[in-house]
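Following: one structure in structure tokens, then a few remarks.
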Protein chains: 4
Amino acid sequence: MTDTNTRRPGRPRDEATHEAILEATRRLLLDEGYHSVTFEAVARSAGTSRSTVYRWWPTRGALVLEAAASHIDIGKVPDTGSSREDLTMAIRQLITTFSDPLAGVVIMAAIANLDNDLEMATTFRNDTVYPWRSTAGEAIRRAVDRGDLPADTDVQFLLNVIVGTVFQCTITMATPMTEGLEDALIELAFRSPGSSRR
Amino acid sequence: MTDTNTRRPGRPRDEATHEAILEATRRLLLDEGYHSVTFEAVARSAGTSRSTVYRWWPTRGALVLEAAASHIDIGKVPDTGSSREDLTMAIRQLITTFSDPLAGVVIMAAIANLDNDLEMATTFRNDTVYPWRSTAGEAIRRAVDRGDLPADTDVQFLLNVIVGTVFQCTITMATPMTEGLEDALIELAFRSPGSSRR
Amino acid sequence: MTDTNTRRPGRPRDEATHEAILEATRRLLLDEGYHSVTFEAVARSAGTSRSTVYRWWPTRGALVLEAAASHIDIGKVPDTGSSREDLTMAIRQLITTFSDPLAGVVIMAAIANLDNDLEMATTFRNDTVYPWRSTAGEAIRRAVDRGDLPADTDVQFLLNVIVGTVFQCTITMATPMTEGLEDALIELAFRSPGSSRR
Amino acid sequence: MTDTNTRRPGRPRDEATHEAILEATRRLLLDEGYHSVTFEAVARSAGTSRSTVYRWWPTRGALVLEAAASHIDIGKVPDTGSSREDLTMAIRQLITTFSDPLAGVVIMAAIANLDNDLEMATTFRNDTVYPWRSTAGEAIRRAVDRGDLPADTDVQFLLNVIVGTVFQCTITMATPMTEGLEDALIELAFRSPGSSRR
DNA sequence: ACTTAAGCGAGACGGTACGTCTCGTCTTAAC
DNA sequence: GTTAAGACGAGACGTACCGTCTCGCTTAAGT
């Protein structure tokens, strides 16, 4: 059905090399940081040639995002029927993802817009941030509907509190503060007067 | 009186050039972003030579931090006697600073640790983050002592909530959300069951 | 047949650029002297980039020696069967080479060891000086065997007399003295009491 | 009488520093070669400042020539009454001077015209080469007059043979050949048929 | 089997920036 | 007036990557 199965003429891509490049990228990101992920270094480290890397990834941002794809996937917030459980899941997804060292480096790079690579930031936002934000937003709205959160809750603001706090506690801080973070955030979210039911 | 007045031997620094370099740095930061602040470009743009830039700033981080010094100075939190007023000031300082476009770029660069320039991150933390954090922490502690905040308030966590949220709403977001941010944060901070108005 | 025809992988060298670099080098040597043969100036003058020059020549000595290769090739002394003719050839080769302005500059640079570039001096000696000296030495030895030069002739000394005199008359002197040099040296070489005409 | 004794107003030159600079120059010439005699290195090595060096010597050639002045002074050829003795003296002066390591470096630099410093070459020629050449030329002319050398002797050529050979045997050769050089040259000079009297 | 389209590696090319060095000039304070 | 200190613009050094390019060779799919 899909285009993926449609065999094209010519020599097929060398999957081993392809994976070696992504692996080398991850290795470099973790060991040396984003700044040392040069096409040169990646190719050298993957035992391939610069041209092959360039063939498949136009920019270093694209390469890095694909290499870290599984690490930076925050996920989507489920609808469990329980407000507290939904938000707990949402927060846990954030903490788990942001605590991943590889994800931390890549997310930072995407946001900081190192190389004026707007494409990278946009892709990251569209593929990773928005899916989570919209499902998390729905979870909050469901909680409001249920009366678990005040009727005048500002959804976007609450999302920013949650994301910002987790970001701050995990990525920005010199030494992460993940201990008890989940509980503290849940308590904070539901703390408002009258929102302590469930 | 001060050391500044003590004349040293040798040709004195050309203050006009010095300022031109800082100005060029700011211009580049705003117009093109951190990545295009190269010694080459700064010198060219300031109408001076690379050597002169190198003479005064060893790294691009040092140059950028000094150029943006007045923009990134968050300030210190005062002791007004009113908990609400203290925290309002603290939050306002954050929002004002983080909303400055130049500051945003530089703070991002300092945190993202672009060039593996740990010095830059450290300097930023010591000169800018810590002073604010410690005075803001004291303000929170005073509020706790007064009973304006719960006795079990986690000072560091609350700071992270505030900083993280402001960071998220101003710098990270594609379109900043500063409208009503101050009030919302104040309300959030004092919302807990036992927290009185003051 | 030869290795030259064997195509290597990768983009082939741009021969036009290559030759332009050598030509620019020669131009600079003649017009401005060895000291102005900088990689910078050569690249600029050849309309190429510094990196391309560096790709092919590791040092300025190597570049200069190759650019002047055909000019500084003194040649080898033939075995014509006649002592006088052999030595005449030898001396003529020296004079011709040393009189070439380009050769003069390069030979001077090689000997003076400007940049502590011992490689340059060594290469020049091995590729250019020794071949001539050994064949010229053999020619002298043949002349001794024939009785055209005294049996106790010091070959190395006689070579030094010839080379030194030509060097002095062509390169060192502010205004060269090549007029009649060849004949004078031949006469000098064969002047000793027991040396017959031939 | 002379200007030298005339006291001028102001602080007098610091002779110790002056000499330290010349000494440092010599040290550098011997230890590292002409190429490393930079104003920077000389000042550093002499424990003085660059400006002081620049005040007294406009170019590195001038500095080097003065520093090596006593080493490169070939001298003048005396009139002893004996042709053989005169020429022996002349040749000995050459060999002695050219064998001095410091002189070798400086003479090479002067001739090679490293920095396109024509001034240096000219000064060296006028102050050092010409005095010797003219007195040596006179010695040869006296020898011709006495009949110790053939009437048709080409004075300049003979001078070039002598200078060139000594230069070649001492400075140019990788390993100098001074052994027996003096005698060999004397013999060569007087070898012509009929010139063997005295 | 043969063609053909693509992948792959090697590597050249013109750039740009790096951080260092020396140049020759200059400006100032102190002696 | 000399000295030491040191700033200044200029420009070359040799290195590293950039992104683009041109090749020869390899690998299958489709004929």
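Labels below follow one simple rule: chain letters A, B, ... track the order of the sequence lines, proteins then strands, and each chain is numbered from 1. Please read all numbers here as calculations on a predicted model, not as lab measurements.
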Quick one, which residues of residues 42-58 of chain A touch DNA chain F with a heavy atom under 4.0 Å?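 Contacts with DNA chain F under 4.0 Å: Arg44(A), Arg50(A), Tyr54(A).
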Under a 4.5 Å cut-off applied to non-hydrogen side-chain atoms, are [X] and [Y] in contact?
X	Y	value
Trp57(C)	Ile21(C)	yes
Val105(A)	Leu30(A)	no
Leu65(A)	Ile72(A)	yes
Met108(D)	Ile111(C)	yes
Glu66(C)	Trp56(C)	no

Crowded around Glu119(D) CD? As in, over 12 foreign heavy atoms under 6.0 Å?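 Counting other residues, nucleotides and ligands, CD of Glu119(D) stays at 12 neighbours or fewer.
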Quickly work out the [X] [atom1] to [N] [atom2] distance and round it to whole Å.
X	N	atom1	atom2	result
Arg60(B)	dG19(E)	CZ	P	9 Å
His18(D)	dG1(F)	NE2	C1'	15 Å
Glu15(B)	dC8(F)	CD	C1'	14 Å
Asp117(C)	dG14(F)	CG	C1'	14 Å
Glu40(A)	dT15(F)	CD	P	14 Å

From dC18(E), dC18(F), dC23(F), pick the nucleotide closest to the side chain of Phe39(A)? dC18(F)
Any idea which heavy atoms bring Ala46(C) and Ala20(C) closest together, and the distance? CB-O, 3.6 Å
Residue closer to the 5' end of DNA chain F, Val37(C) versus Asp14(D) (nearest nucleotide):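 Closer to the 5' end of DNA chain F: Asp14(D).
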Tell me which of Pro12(B) and Arg13(C) sits closer to the 5' end of DNA chain E, going by the nucleotide each one is nearest to.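 Its nucleotide being nearer the 5' end, the pick is Arg13(C).
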What pairs of nitrogen or oxygen atoms, one from the protein and one from nucleotides 29-31 of chain E, lie under 3.5 Å apart?
{"unit_1": "dC31(E)", "atom_1": "O2", "unit_2": "Arg11(D)", "atom_2": "NH1", "d": "3.4"}

Arg60(A) side-chain N/O to Tyr34(A) backbone N/O, donor-acceptor pair under 3.5 Å: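 Between the backbone of Tyr34(A) and the side chain of Arg60(A) there is a qualifying donor-acceptor contact (under 3.5 Å).
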Without swapping roles, check the side chain of Arg26(A) against the backbone of Leu102(A) for a donor-acceptor pair under 3.5 Å.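 Not a single qualifying donor-acceptor pair exists.
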